[in-house]
Amino acid sequence: MNSLDDFIAGIPKAELHIHIEGTLEPELMIALGIRNGVSLSFPDAEAARKAYNFSDLQSFLDIYYRATALLLTEEDFYDLTIAYLKKAASQNIRHAEIFFDPQSHTSRGIGFETVIRGIERAFVEANSSLGISTKLIMCILRHLSEQEGMEIFDKALPWKQWISGIGLDSSERGNPPEKFRKLFERAHREGFFTVAHAGEEGSATSVREALDTLHVSRIDHGVHCMEDERLVEELVEKQIPLTVCPLSNVKLRVFKSMKEHNLKTMLHRGVAVTINSDDPAYFGGYINENYIEAAKALQLDRSDIIKLAQNSFIASSLSTVHKQLYLNEIERYTSQQIT
Ligand code: HPA
Ligand code: ZN
């Protein structure tokens, strides 16, 4: 029988919570700095990695937004995206739903079209050469106003054929879902799939509000849902998915250690949890490392891993037929394993 780590590495899976700007590895950061003639706050990749010690979400976001300032051209966004998709394919990710934060680029004078053309070019290439399917989710920065969110929404509409969903990210504290009620109403009217970060640093109330006020189909993080038993019952009954990011939660001190993470408790309670990497260039691992670290600390077994991988496709925004094709891949994979 192969090891659990090998089993995890090989199982087909989807990634549903990944910020493309959070895949900017220090090596590419350095290369972009040289190519674009922008001076960096870090002399080399090693120095950058050493500086990635975060005390909470905000301390991470401060560094993350500073690093995004290196992304200037369509080529930069293409390079960033294709590097992630190659890594994803190498870890047997079969489908990825990828966030981007256009406001962090347009605010620096970068055209919306520069960003989206670079990302889309990488998607098209990866769909054919790597056989991985992709969807793009535009995140609204919640530390900015709803009006500013509306303005980026206006800019996005001409590119609607390349955008599947609308999400909500950045600083949760002091920026409740309610602040973006009208924007999400508009997203629904335009037919977008919708998601929101909630219950990462915020409480169960934030998750409740994202569901009842924004009517999102999926919650990003959501780990604080366990504070509210009635909410948990509803999440289980309606099978509303949570995109959990174990390494991120430990790095940003949502949990003191991986052993204290509530992923297994939620999974065994019947919540539709999935494992994702969030910002892998900053948190010490891509999807397989997230599965492996969680499995080790929480003593997950093969049936847990299979359930998590199945959940990842079921929780995606793919069509029922497309989901079933991927679920069949898991079935074939597990039946081929020597036990
Ligand atoms: N939370 C909120 N906003 C973010 C995150 C996150 O984990 N990563 C990138 N933007
Ligand atoms: Zn996130």
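Both counts, for ligands and for their atoms, begin at 1 and track the order of listing. What's counted below: heavy atoms across the whole structure, side chains too, no hydrogens, waters or symmetry copies. Remember, it's a predicted structure, so these values are computed and weren't measured experimentally.
- Under 3.5 Å, the side chains of Ser133 and Tyr326 contain a donor-acceptor pair of N or O atoms.
- Closest approach between the Zn ion (ligand 2) and any N/O/S atom of His17 involves NE2.
- In this structure, the protein non-hydrogen atom closest to atom 8 (N) of ligand 1 is Asp279 OD2, 2.7 Å.
- Put simply, the side chain of Gln239 gets close to the backbone of Gly270: a donor and an acceptor are under 3.5 Å apart.
- Under 2.8 Å from the Zn ion (ligand 2) lies no N/O/S atom of Cys245, from backbone or side chain alike.
- In terms of protein heavy atoms, atom 5 (C) of ligand 1 is closest to His19 NE2, 3.6 Å.
- Other residues, nucleotides and ligands contribute more than 12 heavy atoms inside 6.0 Å of the CD atom of Glu178.
- A ring-ring contact (aromatic ring centres under 6.0 Å, His included) with Phe60 is found for exactly one of Tyr65, Tyr52, Phe283, namely Phe283.
- Note on ring orientation: taking the six-membered ring where Trp is involved, the planes of His188 and His215 are perpendicular (angle over 60°, cut-offs 30° and 60°).
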(request) I would like to know whether Arg49 and Glu46 meet salt bridge (charged side-chain N to carboxylate O under 4.0 Å, His left out); could you show each step before the answer? (result) CA-CA 5 Å; Arg49 286 207 172 85; Glu46 204 184 325; over 6 Å; no
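- Which parts of ligand 1 touch Asp278 is read off a 4.0 Å heavy-atom cut-off, strictly below it: atoms 6 (C), 7 (O), 8 (N).
- Looking at Glu200, Glu172, Arg142 and measuring to atom 6 (C) of ligand 1, the nearest heavy atom belongs to Glu200.
- Heavy-atom proximity to Phe60, at under 4.0 Å, picks out these atoms of ligand 1: 8 (N), 9 (C).
- Rounded to 10°, the angle formed at the Zn ion (ligand 2) by NE2 of His19 and NE2 of His197 is 100°.
- Assignment of Phe99 to the shell around ligand 1 is not supported, since no heavy atom sits closer than 4.0 Å.
- Heavy-atom proximity to Leu57, at under 4.0 Å, picks out these atoms of ligand 1: 1 (N), 2 (C), 6 (C).
- The shortest heavy-atom distance from Asp220 to ligand 1 is not under 4.0 Å.
- Within the 4.0 Å heavy-atom shell around ligand 1 one finds Ser170.
- When heavy-atom distances to ligand 1 are checked against a 4.0 Å cut-off, Glu21 has no atom that comes that close, whether in backbone or side chain.
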(message) Applying salt bridge (charged side-chain N to carboxylate O under 4.0 Å, His left out) to Glu25 and Lys87, what does each step give before you reach the verdict?
(response) CA-CA 12 Å; Glu25 288 289 347; Lys87 181 76 182 179; over 6 Å; no
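- Using cut-offs of 30° and 60° on the angle between ring planes, the pair Phe100 and Phe112 is perpendicular.
- Seen from the ring of Tyr78, Arg121 counts as a face-on cation partner, given the 6.0 Å and 45° thresholds.
- One side chain, Ser303 or Asp301, offers a donor N or O that lies under 3.5 Å from an acceptor on the other.
- Distances below 4.0 Å separate heavy atoms of Asp169 from the following atoms of ligand 1: 3 (N), 10 (N).
- Neither the backbone nor the side chain of Asp101 has a heavy atom within less than 4.0 Å of ligand 1.
- Metal site remark for the Zn ion (ligand 2): Asp278 contributes an N, O or S atom at a distance under 2.8 Å.
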